[in-house]
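FYI, the numbering just counts along the sequence from 1.
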Amino acid sequence: MRTRVARLYEKGDLRIETAAVAAPGPGEVLLKMAAAGICGSDLHYYQDGGFGPVRVREPIIPGHEASGTVSQTGEGVDLKAGTLVAVNPSQPCGHCEYCEKNMPIHCLEMRFMGSAMRLPHEQGMFREWLVVPAKQCFAVGAATTAAEAACSEPLSVCLHAASRAGEITGKRVLVTGAGPIGALMVAVVSYHGASEIVVTDLADAALDRANAMGASRTINVSKNAQALAEYEAGKGYFDLVFECSAAAPAIRGAIAAIRPRGTIVQVGVTGDVPIPLNAIVGKELQLHGTQRFHEEFGTAVELISSRKIDVRPIISHCLPLAEATAAFTLASDRAAACKVQLTF
C-alpha cells in the first residue's frame, strides 16, 4: 500500500510524493488521515529552512497537529474501525532521566512527529495514511469534527503554558500576539476564570478572532503604539502575561505593563531577542518558559469534544493535500488566515 505525502526538501521546496505504508503491528493502528493543521514551526521550516538552531537537514514530512479515522488495528488494540481520533505527536522514551522524574516533556530521546530537531528527522502527519501507536490516539466526541480534533495539539500547548503560570482565576491577563496559539491562549485563560483579558496584535483579523475566543479588549499596536501605556501606571497593571509573539517590542511592552512580582509565560519562540533585564530584576518578575505538553493532550481532547473550549473560530481555511504549497502560502498571510488545515 502507498500513500500520498507532502515532503519538504529545503526552504520553499515542498513536493507531493508517494511513500509506502506498512500494515499496523501489535499495539498500532492504521489511520486514514482526516485533517492536519499547519503550525508556526511548519511555516518556519518552509519559509526559512528552520528556526533557531533547528534546521531541515534532510527531506521531512511536516505536520504534528492532526486527526484521522481508524481503518485497521494491530493485535492488542481496543479502538474500533471508524473511530475519529486526535493524534498525539509526542513520543517520550519513558526511561531516561527526565522521564523517570515525571518530566517527559524534556525526554532525552524524545521523538516528536514532524520535528527536525533529531537526525534522522521525525516524519510527520501531512499524509493520507499513517501507522501510529494506538496509545497516541485519543477518541473524540461524536459531534466533534475532524478539523476541531486536529486542534487538540495546539490547545495542549496552551493548556501546558497555563499550568506554568500558577493561579489564573480572577487575574488580569495580557496576551501578546493573536495568531492561532495566542487565540487559543485567550480561550484557555477565559476557561480558567481570568477576570480581564487584553490582547495585542498587529492585525485586525487576528484580533477579531481573539474577541471570538473571549478577549475583554483588543488593541492593534500597529495603529496605536502607545495604547498599552495606560497600563504602565503604578508600576504596571497585569498580573499575568502570556507572550505569544516572540517579538521584541511586544516583550518590552509586556514587561512595562505587568505589575511587580507578576508572571510572564513566554510561549512564542524565535532566535535571540534582547530583553530589559533591569526591569525584570527591578519588578521582581517571574519569567517562565513553556514548551509542548504531556498529560494536557487528553484534557485538550475532552475540552474540544465537550466544546467547553470552542476552537472553531480559529479554523479559517481547509485545503486538500494536493494544494499543500498554496496552503502554506495562505498560512503565511496573517491578514487572511489563522489556522490553515490540510484535508485528506
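Minimum heavy-atom separation, V21 to R2: CG2-C, 4.1 Å. Taking both residues in full, the closest heavy atoms of E243 and Q266 are given as OE1-NE2, 2.7 Å, listed atom of the first, atom of the second, then distance. The two atoms that bring K283 and I255 nearest to each other are NZ-O, 2.9 Å, heavy atoms only.
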Candidate pair I314 and M213, rule side-chain contact (heavy atoms from CB on, under 4.5 Å), full reasoning | CA-CA 8 Å; I314 73 165; M213 300 301 278; 3.9 Å; yes

Stepwise side-chain contact (heavy atoms from CB on, under 4.5 Å) check, S156 with F297 = CA-CA 5 Å; S156 302; F297 195 89; 3.4 Å; yes

Give the intermediate values and the outcome of side chain to side chain donor-acceptor pair (under 3.5 Å) for residues E10 and Y45.
-> CA-CA 8 Å; E10 59 183 0; Y45 291 155; over 6 Å; no

Begin from the C-alpha positions of F126 and V5 and carry the test side-chain contact (heavy atoms from CB on, under 4.5 Å) through to its verdict.
-> CA-CA 6 Å; F126 289 165; V5 306; over 6 Å; no

Please assess V29 against V132 for the test side-chain contact (heavy atoms from CB on, under 4.5 Å), listing each intermediate value before the final yes or no.
-> CA-CA 6 Å; V29 297; V132 67; 3.7 Å; yes

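With hydrogens and angles left out, the side-chain atoms of T3 and R127 include no donor and acceptor closer than 3.5 Å. For the residue pair E296 and T299, no side-chain donor N or O sits within less than 3.5 Å of a side-chain acceptor on the partner. A donor-acceptor pair shorter than 3.5 Å cannot be found between the side chains of S90 and N88.
Residues V265 and L240 form no side-chain contact, since every pair of their non-hydrogen atoms from C-beta on lies 4.5 Å or further apart. In this structure, V267 and I181 have side chains that are in contact, with non-hydrogen atoms separated by less than 4.5 Å. Side-chain contact between M113 and R111: absent, with no pair of heavy atoms (C-beta onward) separated by less than 4.5 Å.
More than 12 heavy-atom neighbours from other residues, nucleotides or ligands sit within 6.0 angstrom of CZ on R57.
Looking at K171 and E167, no side-chain N of the basic residue comes within less than 4.0 Å of a carboxylate O on the acidic one, giving no salt bridge. Ion pairing between E302 and K308 fails under the 4.0 Å rule for side-chain N and carboxylate O. R172 has no carboxylate O lying under 4.0 Å from a charged side-chain N of E196, or vice versa, which leaves the two without a salt bridge.
A cation-pi geometry, defined here as NZ or CZ lying under 6.0 Å from the six-membered ring centre and within 45° of its normal, does not hold between R259 and F238.
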